[in-house]
Amino acid sequence: MDMKVKDRSVVVLAASKGLGKATAEAYAQEGASVVIASRSREELEQTAAEIRQKTGSRVEAVPCDVNDLESIRALMAKSAELHDGIDVLITNAGGPPPGTFDSITDEQWQQSFQQVLLSVTRLVREALPWMRKAEAGRIVMIASSSVKQPIDGLILSNTFRAGLSGLAKSLSQELSAENILVNIVGPGRIGTDRLKQMDTARAERTGTSVEELQKQAQAEIPAGRYGTPDEFAQAVVFLGSGSNTYITGQTLLVDGGLVKAF
């Protein structure tokens with residue numbers, strides 16, 4: 001299937017590793033011109049070189065701290081300069097720290113709001129003029145399965161990822177007539193380094209081996225296994241592509257059937 005993203009300008013956040021990296025590589029495989037962003041310049045440059053070698057596509061690395069407005073503005077301006085505009089925006093950010101309501105401080109609430117929710121509003125604001133100029137655009141927000149079903153011990157993620165759902169739905173209503181489509185893709189248990197770290201921490205807390213814990217966790221998934229970053233990325237690329245012409249304001253979970261909520 002032709003995703004109709006060849007030579008389109010795509011910006012992917014938190015793309016030095018994990019789901020962001022897989023998404024950037026999937027776009028590059030389709031011939032898109034990609035800008036990848038994260039805080040670490042060294043990791044970004046390595047990732048960009050790796051994806052260029054694999055795909056032969058244009059991939060540029062632009063450092064960005066999503067907690068800083070001026071850094072976001074600089075990223076979007078540089079992306080538009082490099083690739084003559086911005087056609088697709090993939091927002092992404094690291095997950096907030098775990099914890100229950102009683103354990104979270106005001107500072108953690110403020111930081112998580114800025115990192116998960118405010119950063120996305122700023123990124124979208126900076127991308128919209130370029131999408132409006134092109135009379136088309138695609139925005140995909142990488143979130144979490146907690147958008148549909150809260151995850152125990154992750155109250156910050158549960159709160160602010162759900163906020164993304166309200167933002168995406170509202171934007172879809174405001175922007176659809178301009179051919180700018182906005183959707184969310186939420187990962188379930190995808191085999192990334194972050195999931196490995198979380199599994200290891202849980203195993204240590206419960207006195208279980210990592211192998212046994214992962215076996216139990218995968219048994220809870222109807223598909224019987226963790227997903228792969230590549231599987232996740234394909235869903236993002238479709239929703240953020242020219243082949244998607246009518247899907248907007250939706251939240252798609254890539255979770256192997258784990259979440260049972262409607």
Trainee: With sequence neighbours left out, write down each residue that passes salt bridge (charged side-chain N to carboxylate O under 4.0 Å, His left out) with R202, or none if nothing qualifies.
Mentor: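 Partners of R202 under the salt bridge (charged side-chain N to carboxylate O under 4.0 Å, His left out) test: none.
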Trainee: If you measure from CG on L117 to OG on S112, what distance do you get to the nearest 0.5 Å?
Mentor: 11.0 Å
Trainee: Check for me, please, whether L75 and Y27 land in the same ILVMFWY cluster - side-chain distances under 4.5 Å, paths through other members count.
Mentor: no
Trainee: List the atom pairs, donor and acceptor, that lie under 3.5 Å between side-chain atoms in residues 250-262 and the rest of the protein, sequence neighbours left out.
Mentor:
from	atom 1	to	atom 2	distance (Å)
Q250	NE2	T248	O	3.2
D255	OD1	G257	N	2.9
D255	OD2	L258	N	3.4
D255	OD2	V259	N	2.8

Trainee: Is there a path from I51 to V11 through hydrophobic residues (I, L, V, M, F, W, Y) whose side chains come within less than 4.5 Å of each other?
Mentor: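 Cluster IDs for I51 and V11 differ.
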Trainee: Indicate the atoms forming the closest heavy-atom contact of P97 with Q108, along with that distance.
Mentor: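 Shortest heavy-atom separation between P97 and Q108 comes out as CG-NE2, 4.0 Å.
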Trainee: Determine yes or no for a side-chain-to-main-chain donor-acceptor pair under 3.5 angstrom, with T47 supplying the side chain and S16 the backbone.
Mentor: yes
Trainee: Scan the side chains in residues 167-182 for donor-acceptor partners under 3.5 Å anywhere in the protein, sequence neighbours excluded, and list what turns up.
Mentor:
from	atom 1	to	atom 2	distance (Å)
K169	NZ	G249	O	2.9
S170	OG	G166	O	2.9
S172	OG	K169	O	2.6
S176	OG	S172	O	2.4
E178	OE1	R132	NE	2.9
E178	OE2	R132	NH2	3.4

Trainee: Which atom names give the shortest non-hydrogen contact between S57 and A28, and what distance separates them?
Mentor: OG-O, 2.6 Å
Trainee: Go through it in stages, so that I can follow the logic: the residues are K4 and S241, the test is side-chain contact (heavy atoms from CB on, under 4.5 Å), and I'd like the CA-CA distance, side-chain angles, deciding distance and then a yes or no.
Mentor: CA-CA 6 Å; K4 299 179 183 177; S241 76; 5.8 Å; no
Trainee: Identify, with sequence neighbours excluded, every residue that meets side-chain contact (heavy atoms from CB on, under 4.5 Å) alongside N67.
Mentor: D65, Q111, Q114, Q115
Trainee: Where do I90 and I142 land on the side-chain contact (heavy atoms from CB on, under 4.5 Å) test, with the steps shown first?
Mentor: CA-CA 7 Å; I90 310 299; I142 295 178; 3.8 Å; yes
Trainee: Is the number of heavy atoms from other residues, nucleotides or ligands under 6.0 Å of E50 CD greater than 12?
Mentor: yes
Trainee: Can you list everything that forms a salt bridge (charged side-chain N to carboxylate O under 4.0 Å, His left out) with E81? Sequence neighbours excluded, please.
Mentor: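 Result, salt bridge (charged side-chain N to carboxylate O under 4.0 Å, His left out) vs E81: K78.
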Trainee: Using the rule side-chain contact (heavy atoms from CB on, under 4.5 Å), only one of M131, R8, R138 pairs with D87; which is it?
Mentor: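 Result: among M131, R8, R138, R8 is the only option passing the side-chain contact (heavy atoms from CB on, under 4.5 Å) with D87.
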Trainee: Applying salt bridge (charged side-chain N to carboxylate O under 4.0 Å, His left out), name anything that partners R189, two or more places apart in sequence or on another chain.
Mentor: E220
Trainee: Above 12 or not: heavy atoms from other molecules or residues under 6.0 Å from CZ of R39?
Mentor: no
Trainee: Not counting sequence neighbours, which residues clear side chain to side chain donor-acceptor pair (under 3.5 Å) with R41? List them please.
Mentor: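 With sequence neighbours excluded, R41 shows a side chain to side chain donor-acceptor pair (under 3.5 Å) to no residue whatsoever.
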Trainee: Among residues at least two apart in sequence or on other chains, which ones pass side-chain contact (heavy atoms from CB on, under 4.5 Å) with K215?
Mentor: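 Residues passing side-chain contact (heavy atoms from CB on, under 4.5 Å) with K215: E212.
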Trainee: Heavy atoms only: give me the nearest A37-C64 pair and the separation to one decimal.
Mentor: CB-CB, 4.1 Å
Trainee: If you compare all heavy atoms of A15 against all heavy atoms of S38, which two are closest, and at what distance to 0.1 Å?
Mentor: N-CB, 4.3 Å
Trainee: Any chain of hydrophobic side-chain contacts (each under 4.5 Å) joining L89 to L239?
Mentor: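 No.
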Trainee: Are any side-chain N or O atoms of S243 and backbone N or O atoms of D2, one a donor and one an acceptor, separated by less than 3.5 Å?
Mentor: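 Pair found, side chain donor or acceptor close to backbone of D2.
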Trainee: So which atom in P187 and which in A143 form the shortest heavy-atom distance, rounded to 0.1 Å?
Mentor: CD-O, 3.3 Å
Trainee: Suppose we screen for side-chain contact (heavy atoms from CB on, under 4.5 Å). Which residues come up paired with E30, at least two apart in sequence or across chains?
Mentor: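 E30: side-chain contact (heavy atoms from CB on, under 4.5 Å) contacts with M3, V5, V237.
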Trainee: Where do R194 and G95 come nearest, in terms of heavy atoms and distance?
Mentor: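 Reported closest heavy-atom pair: NH2-CA, 3.8 Å.
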Trainee: Listing request: all side chain to side chain donor-acceptor pair (under 3.5 Å) pairs with a residue in residues 221-239, at least two apart in sequence or in separate chains.
Mentor: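 Listed once each, the pairs are D199-Y226, R225-E231, T228-E231.
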Trainee: I'd like to know if R122 and E126 make a salt bridge, using a cut-off of under 4.0 Å between side-chain N and carboxylate O.
Mentor: no
Trainee: Would you tell me whether T208 and T206 have side-chain atoms, one donor and one acceptor, within less than 3.5 Å of each other?
Mentor: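 Indeed, the side chains of T208 and T206 share at least one donor-acceptor pair under 3.5 Å.
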Trainee: For K133, give me all partners under salt bridge (charged side-chain N to carboxylate O under 4.0 Å, His left out), at least two apart in sequence or on another chain.
Mentor: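 For K133, no residue satisfies salt bridge (charged side-chain N to carboxylate O under 4.0 Å, His left out) once neighbours in sequence are set aside.
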Trainee: With the 4.5 Å side-chain cut-off for hydrophobic clustering, are V66 and I184 part of the same group?
Mentor: yes
Trainee: Under the rule for side-chain contact (heavy atoms from CB on, under 4.5 Å), what residues qualify as partners of T159, not counting sequence neighbours?
Mentor: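 Applying side-chain contact (heavy atoms from CB on, under 4.5 Å) to T159 gives W109, I155.
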Trainee: Do L118 and F160 land in one hydrophobic cluster if side-chain heavy atoms of ILVMFWY residues count as linked below 4.5 Å?
Mentor: yes
